2 protein chains.
Amino acid sequence: MIAGRGLAGLKTRDLAREIGCANGAVYNLVADIDELILRVGSRTLHRLDEALSAAEGAGESSPQEALVRIAIAYCDFAADNLQLWRALFEHRMGAGKVVPDWSVEDQMRLFRHIYQPLATLFPKRSREELGITARSLFSAVHGMVALGLEQKLVAVPLPALRKEIAGLARAMIDGLIARQR
Amino acid sequence: MIAGRGLAGLKTRDLAREIGCANGAVYNLVADIDELILRVGSRTLHRLDEALSAAEGAGESSPQEALVRIAIAYCDFAADNLQLWRALFEHRMGAGKVVPDWSVEDQMRLFRHIYQPLATLFPKRSREELGITARSLFSAVHGMVALGLEQKLVAVPLPALRKEIAGLARAMIDGLIARQR
DNA sequence: ACTTTTATTGAACAATGTTCATGCTTCTGC
DNA sequence: GCAGAAGCATGAACATTGTTCAATAAAAGT
């Protein structure tokens with residue numbers, strides 16, 4: 001239902017009807033809709049993880065190009081799974097509730113993909129520095145994808161967005177390499 | 001109320017009580033809460049515009065440094081106006097409704113700040129290319145600020161975030177310059 | 001002063017997440 | 001086989017919220 005009508009289109013009553021049970025029975029499977037959304041998010045994150053892994057390995061080449069491929073793969077995944085991907089970031093936890101550990105773990109796993117090539121590129125940097133850089137790179141690419149797929153402001157066709165992301169990703173990496181010297 | 005308790009803390013009844021009128025009277029001032037939120041967003045965007053203008057002009061220097069200052073100013077504004085700034089991006093229009101022109105106009109104005117220095121740096125590029133690059137740069141910085149202030153994943157202290165943003169902004173710009181040659 | 005327009009009120013409606021008393025299945029130990 | 005227990009399903013009911021609306025009051029116009 002999230003994939004079809006978006007996060008806002010997920011209603012407990014519709015859901016109960018779809019899976020063929022009463023309203024209340026949903027709460028035997030899940031404590032909250034928060035939990036339900038997190039569990040869907042977990043699946044999405046795992047599929048995203050696979051997509052990034054595939055991009056990481058494909059075509060042995062420089063770490064630079066691996067990072068660019070990962071960025072493009074991220075963009076493609078988001079475009080192909082628009083609603084599910086949006087749900088990952090649109091969702092806000094209900095008041096007072098805290099994100100469970102297993103969900104945080106799912107999110108953290110993403111940075112691994114960026115960490116690895118970065119560590120090869122910058123062997124002198126500490127684990128912590130690399131972690132921060134990895135997160136920054138991810139955030140930057142994520143921002144481009146997020147606003148690029150929003151379509152509301154300026155309608156940029158997907159191929160142009162991919163090219164733009166590849167360009168800026170290369171620029172960031174080149175800039176980082178040049179800057180460290 | 002948005003500034004205090006966040007977008008989710010805005011309730012029409014509380015609002016009516018706060019301004020001293022009946023529930024329904026709110027709808028003489030605004031058609032929707034969507035409109036209300038957009039109007040608050042408009043004010044936020046104007047204040048943001050002023051903050052970026054101040055950063056743009058401060059300390060005559062290279063376009064590169066102007067861009068970095070703008071990025072930092074964006075980060076600072078977001079940190080100082082966290083809830084209001086979040087409301088700009090968290091809000092999704094109610095089903096079927098479309099964002100009015102005046103609100104889109106408000107959003108577009110932001111890119112001007114980035115466009116100007118970019119045009120100086122890359123005089124050969126077309127207006128359209130510059131527009132796309134401006135949006136990409138903005139998106140990338142926005143992504144860093146957004147995930148950086150989220151605090152949920154990794155708690156990065158604000159000074160570190162500012163440094164990180166400045167570093168990656170410089171890297172992006174350097175990379176773009178090097179790449180064009 | 002009377003009419004017309006506008007604003008205010010607060011009850012009512014609809015949508016939606018969540019809970020719960022009641023009753024029904026299914027499993028367990030014998 | 002079966003009594004009791006444990007779990008599950010049901011759908012009504014509740015709480016919260018955005019929104020509407022008929023009735024009423026206020027203001028403006030003439």
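Here is the naming used below: chain letters follow the sequence lines, and residue numbers restart at 1 for every chain. None of these values were measured; they are calculated from a predicted model.
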[N] phosphate, OP1 or OP2, under 4.0 Å from [X] side-chain N/O:
X     : N      : answer
B:T12 : D:dG18 : yes
A:K11 : C:dT18 : no
A:K97 : C:dT18 : yes

Without decimals, in angstroms, what is the distance between [X] [atom1] and [N] [atom2]?
X     : N      : atom1 : atom2 : result
B:D14 : D:dT19 : CG    : C1'   : 16 Å
B:L7  : D:dG18 : CG    : P     : 11 Å
B:L15 : C:dG10 : CG    : C1'   : 16 Å
B:D34 : D:dT19 : CG    : C1'   : 12 Å
A:R13 : C:dT19 : CZ    : C1'   : 12 Å
A:E35 : C:dT18 : CD    : P     : 11 Å
A:R17 : C:dA15 : CZ    : P     : 12 Å
B:I33 : D:dT20 : CD1   : P     : 11 Å

Parallel, tilted or perpendicular: rings of A:F89 and A:H142 (30°, 60°):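 Because their plane-to-plane angle lies in the 30° to 60° range, the rings of A:H142 and A:F89 count as tilted.
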
From CA spacing to verdict: side chain to side chain contact (heavy atoms under 4.5 Å, CB included), A:I33, A:V26: CA-CA 9 Å; A:I33 38 158; A:V26 171; 5.9 Å; no

Nucleic acid contacts of residues 18-29 of chain A, taken as heavy-atom distances under 4.0 Å to DNA chain D: A:C21, A:A22, A:G24, A:A25, A:N28

Lys/Arg-Asp/Glu bridge criterion (N-O < 4.0 Å) met for A:R92, B:E150: yes

Ion pair check, A:R135 and B:E164, cut-off under 4.0 Å: no

Donor-acceptor side-chain pairing of B:S61 and B:R69 below 3.5 angstrom: yes

Heavy-atom pair with the smallest gap, counting every atom of A:Q107 and A:V99: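 Between these two residues, the closest heavy atoms are NE2-CG1, 4.3 Å.
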
Considering all heavy atoms, the nearest B:A22-B:A16 contact: O-CB, 3.6 Å

